[in-house]
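What follows is a short report on a single structure.
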Amino acid sequence: MDEPPSPTTAIHELPSSSLRTGELIFATDEPKLIHNAAAHWGAATRWVSPAALAQHYGHLTFDVSAGKITLADFLSRQDETYLVETMFDGDRAELLTDYARPPAFADTLDEIPGTSSRPHWFVGGARTGSMMHQDTRCTCGWNACLFGCKRWLMLPPDTDVHALGLMPYSKS
């Protein structure tokens, strides 16, 4: 049996100054990593650790499968679940003042038919994540990780994932 191909790194690192024009960001279809892109955000001090996040926003409540939970209570849990929020009404609207969409992405997400530029806010503990999936809207987007680390696996569309021993997520 043939060995699956070894993974290669196709992420290009860019200076944070490229966020102003987007010229380098959109030059190719390849993923980009931009260090210190969030350094000027309020989130750079208020979201840098679970303790800091709880100190500033622990009182906020979020809907989860089991009901409502405060952010402080969620952050104190040690399980492998994560919180996803897309509704920033009431007190949660305060979270949106802690960051700014990078200028290079100001209009880009709104130009693609069928897409939404609505913010998605994810908070998770160790070993949380999503299963391998395809962005069904084929959107372009940006992600910021303010504490911890995030691992990405991006494969070309023609990749035979089964040959790599991977099992894609499917809705059943």
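Treat the numbers as computed from the prediction; the structure is a model and nothing was measured. Along the sequence shown, residues are numbered consecutively beginning with 1.
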Got a sec, which residues hit side-chain hydrogen bond (donor to acceptor under 3.5 Å, both in side chains) with Y57, two or more places apart in sequence or on another chain?
-> D98
Got a sec, which hydrophobics cluster with F122, joining ILVMFWY side chains under 4.5 Å apart, including via others?
->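 Under the 4.5 Å side-chain rule, F122 groups with Y82, V84.
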Looking only at heavy atoms, which two atoms of [X] and [Y] are closest? And how far apart?
X: L146; Y: A43; result: CD1-CB, 3.5 Å
X: V48; Y: A52; result: CG2-CB, 4.2 Å
X: D63; Y: L83; result: O-CD1, 4.5 Å

Restricting to side chain to side chain contact (heavy atoms under 4.5 Å, CB included), what partner residues turn up for [X], sequence neighbours left out?
X: D73; value: I69, T70
X: A51; value: S49
X: A144; value: W41, W142

Only one of L164, L166, D160 passes side-chain contact (heavy atoms from CB on, under 4.5 Å) with H162; say which it is.
->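 By the side-chain contact (heavy atoms from CB on, under 4.5 Å) criterion, H162 pairs with just one of L164, L166, D160: D160.
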If you look only at distance, which donor and acceptor atoms sit under 3.5 Å apart when one is on a side chain in residues 86-95 and the other is two or more places apart or in another chain?
unit_1: D89; atom_1: OD1; unit_2: R92; atom_2: NH2; d: 2.7
unit_1: R92; atom_1: NE; unit_2: M87; atom_2: O; d: 3.1
unit_1: R92; atom_1: NH1; unit_2: T61; atom_2: O; d: 2.9

So, does N36 use its side chain to make a donor-acceptor pair with the main chain of A39 at under 3.5 Å?
-> no
Can you find a pair of side-chain heavy atoms, one from Y99 and one from W121, that are under 4.5 Å apart?
-> no
Distance (rounded to the nearest 0.5 Å) between E85 CD and L71 CG |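 Output value for this atom pair is 10.5 Å.
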To the nearest 0.5 Å, atom CD of Q55 lies from atom CG of L75 at 12.5 Å
Can you hop from L60 to F147 via hydrophobic side chains spaced under 4.5 Å?
->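 Yes, L60 and F147 fall within the same hydrophobic cluster.
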